[in-house]
Amino acid sequence: MAELVTIARPYAEAVFRIALENKALAAWSERLSLLSAIAGDERMHSCIGNPELSATQKSALFKSLVGRTVDGGEANLIDVLAANERLSALPEIASLFEALRSAQEGVKEATIYSAFPLDEAQRTALIEDLEARFKTRLTAEVVVDQSLIGGVKIVVGDQVLDTSVRGKLEGLRLALNN
């Protein structure tokens with residue numbers, strides 16, 4: 001969905017600049033998360049795509065579903081997205097905003113592939129070790145991949161740390177072929 005990313009990026013960057021100027025990154029993360037959840041609901045999705053509803057009606061419906069008073073910046077974002085028929089891009093806007101926030105705060109995303117499920121203590125210890133190794137804060141997702149046989153494979157950005165049995169066997173195979 002490269003087109004949706006292209007549509008969402010300018011909105012995400014604008015919201016990020018406003019949030020950064022107002023020192024409200026966490027608040028905007030929460031707001032965008034809620035707006036994203038509303039936009040992602042199937043019933044709301046059909047309302048967003050309904051040509052019989054005006055942009056003003058869609059905006060008012062969206063604001064009513066927030067469940068609290070919508071402030072100026074948030075109301076403005078909803079109005080602009082409704083006017084430009086971009087409310088369906090909110091999940092992607094939220095995702096891009098979180099990526100910008102992580103970069104600003106020096107946090108990188110890591111994916112940990114493990115042959116077996118990790119308990120919370122193992123996960124915490126592994127993340128602490130990885131943060132020391134990569135010299136940055138990490139948010140990690142753990143994915144169980146039984147094809148690794150044993151050990152873990154970690155992906156942080158474009159760096160891969162493979163200590164799995166499958167990775168070691170592959171390294172041995174390559175060494176023997178040379």
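Only heavy atoms go into these numbers, but all of them, side chains included; no hydrogens, no water, no symmetry mates.
By the neighbour-count criterion of 12 heavy atoms within 6.0 Å, atom CD of E105 is densely surrounded, having more than that number from other residues, nucleotides or ligands. Within a 6.0 Å sphere centred on CD of E170, other residues, nucleotides and ligands contribute more than 12 heavy atoms.
The hydrophobic cluster containing Y113 also contains V160, counting ILVMFWY residues as joined when their side-chain heavy atoms lie under 4.5 angstrom apart, directly or transitively. If you chain together hydrophobic residues whose side chains sit under 4.5 Å apart, L138 and V107 never meet in one group. A chain of hydrophobic side-chain contacts below 4.5 Å, direct or via other Ile, Leu, Val, Met, Phe, Trp or Tyr residues, connects L32 to L20. Each of L130 and V155 belongs to its own hydrophobic cluster when Ile, Leu, Val, Met, Phe, Trp and Tyr are linked at side-chain heavy-atom distances under 4.5 angstrom.
Residues Q122 and P117 approach most closely at OE1-O, 4.1 Å, considering heavy atoms. What you find for G151 and L148 is that their closest heavy atoms are O-CD1, 4.4 Å. Contact record, V66 with E74: CG1-OE2, 4.4 Å, taken as the closest heavy-atom pair. The shortest non-hydrogen separation linking F97 to W28 is CZ-CB, 3.7 Å. Of all the heavy atoms in V70 and A75, the pair that sits closest is CG1-N, 3.3 Å. Closest approach of P91 and A39 over heavy atoms only: CD-CB, 4.0 Å.
Legend: salt bridge (Lys or Arg N to Asp or Glu O under 4.0 Å) pairs involving residues 37-58, not counting sequence neighbours, sorted by first then second residue: D41-R43.
Atoms CD1 and NZ, from I38 and K63 in turn, are 12.5 Å apart once rounded to the nearest 0.5 Å. Atom CG in L174 sits 11.0 Å away from atom CG in L169 (nearest 0.5 Å). Atom CG in L100 sits 8.5 Å away from atom CZ in R9 (nearest 0.5 Å). Atom CG of L90 and atom CG of L34 lie 10.0 Å apart (nearest 0.5 Å). Atom CE of residue M44 and atom CG of residue L61 lie 4.0 Å apart, to the nearest 0.5 angstrom. Rounded to the nearest 0.5 Å, atoms CD1 (I112) and CD1 (I127) are 5.0 Å apart.
A donor-acceptor pair under 3.5 Å is formed between the side chain of T136 and the backbone N or O of G106. Judged purely by atom type and a 3.5 angstrom limit, T124 uses its side chain to pair as donor or acceptor with the backbone of E120. Of the possible polar contacts, none joining the E13 side chain to the P10 backbone as a donor-acceptor pair under 3.5 Å is found. T163 places a side-chain N or O within 3.5 Å of a backbone atom of V152 that can act as its donor or acceptor partner. When atom types are taken as modelled, the side chain of S102 and the backbone of E98 share a donor-acceptor pair closer than 3.5 angstrom. E92 places no side-chain N or O within donor-acceptor distance of the main-chain N or O of V5, the cut-off being under 3.5 Å. At least one donor-acceptor pair under 3.5 Å links the side chain of S29 to the backbone N or O of L25.
Using a 4.5 Å heavy-atom threshold, the side chains of Y11 and V80 count as touching. At least one side-chain heavy atom of R166 sits under 4.5 Å from a side-chain heavy atom of D145. Counting only heavy atoms from C-beta outward, the side chains of L96 and F16 never approach each other to under 4.5 Å.
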Checklist entry - So L126 and V142, side chain to side chain contact (heavy atoms under 4.5 Å, CB included) or not? Walk me through it. => result CA-CA 11 Å; L126 182 57; V142 178; over 6 Å; no

Checklist entry - Can you check side chain to side chain contact (heavy atoms under 4.5 Å, CB included) on R133 and L161, steps first, answer last? => result CA-CA 11 Å; R133 179 183 178 101; L161 177 62; 3.7 Å; yes

Item to check | Intermediate values then yes/no, side chain to side chain contact (heavy atoms under 4.5 Å, CB included), D71 and R31 | outcome: CA-CA 10 Å; D71 75 356; R31 292 173 188 159; 3.2 Å; yes

